[in-house]
Amino acid sequence: GQQVQQSPASLVLQEGENAELQCNFSSTATRLQWFYQHPGGRLVSLFYNPSGTKHTGRLTSTTVTNERRSSLHISSSQTTDSGTYFCAIDRTGANTGKLTFGHGTILRVHP
Amino acid sequence: EAAVTQSPRNKVTVTGGNVTLSCRQTNSHNYMYWYRQDTGHGLRLIHYSYGAGNLQIGDVPDGYKATRTTQEDFFLLLELASPSQTSLYFCASSVTGTQYFGPGTRLLVL
């Protein structure tokens, strides 16, 4: 089965609303990362978060490794947050960087 | 932010044609990766490398070869391109942990 599952598949918000994106994974080896893909295609790393909680700006990532889940919280969403959010795990457990990606959550924020 | 560049940015070829996609990173990262991105599949790892001369097989390697000529340069080769290889290709590099992606190459195989 799919090793990394993301939900929801898509999400539509009004500007200013908060968003919670979920990532569940089947492997205990994580080294979980969150990525953002711009509508034009560019991929950027948001968080390298194998466990615990990390913050940057309006984004918060929380990974609970023994429950095999991670979340990405976006507060006070802006139209520029629109795009696709991916989580990925390194399931090898050896920090090879051999990532397995989820299918992503497509976020649209309307003004 | 780490710098990863890819060329060409767009490529059109015909079935059976030869294609080489290039990737360069200028941050002395040890690891480099080639992914393809397709609707409904997310990103899938094709090949990766731990350093010059090293090559590791990813999850979807069939129909692809790769070569890491230097610390900076990683190439993806499609020797007999097929329409199923029409995709968006990303290169990435990392030291440990965070991966940094290039801008992508859109390949169309007619």
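Order of the sequence lines sets the chain letters (A, B, ...), proteins ahead of strands, with each chain counted from 1.
- Neither the backbone nor the side chain of S94(B) comes within contact range of chain A; no heavy atom of the residue lies under 4.5 Å from a heavy atom of that chain.
- When heavy atoms are compared at a cutoff of 4.5 Å, R106(B) approaches chain A solely by way of its side chain, counted from C-beta outward.
- Atom-to-atom distance recorded for L32(A):CG and I89(A):CD1 is 7.5 Å, nearest 0.5 angstrom.
- With a 4.5 angstrom heavy-atom cutoff, F47(A) does not touch chain B via any of its atoms.
- The shortest side-chain heavy-atom distance between Y64(B) and L76(B) falls under the 4.5 Å cut-off.
- Within 6.0 Å of the CZ atom in R108(A), the count of heavy atoms belonging to other residues, nucleotides or ligands does not exceed 12.
- Ion pairing of K98(A) with D90(A) is absent here, as no side-chain N (NZ or NE/NH1/NH2) approaches a carboxylate O to less than 4.0 Å.
- The main-chain N or O of R58(A) is found under 3.5 Å from a side-chain atom of S75(A) such that the two form a donor-acceptor pair.
- If you tally non-hydrogen atom pairs under 4.5 Å between each of T39(B), D59(B), L45(B) and chain A, the highest count goes to D59(B).
- For Q56(B), no part lies under 4.5 angstrom from a heavy atom of chain A.
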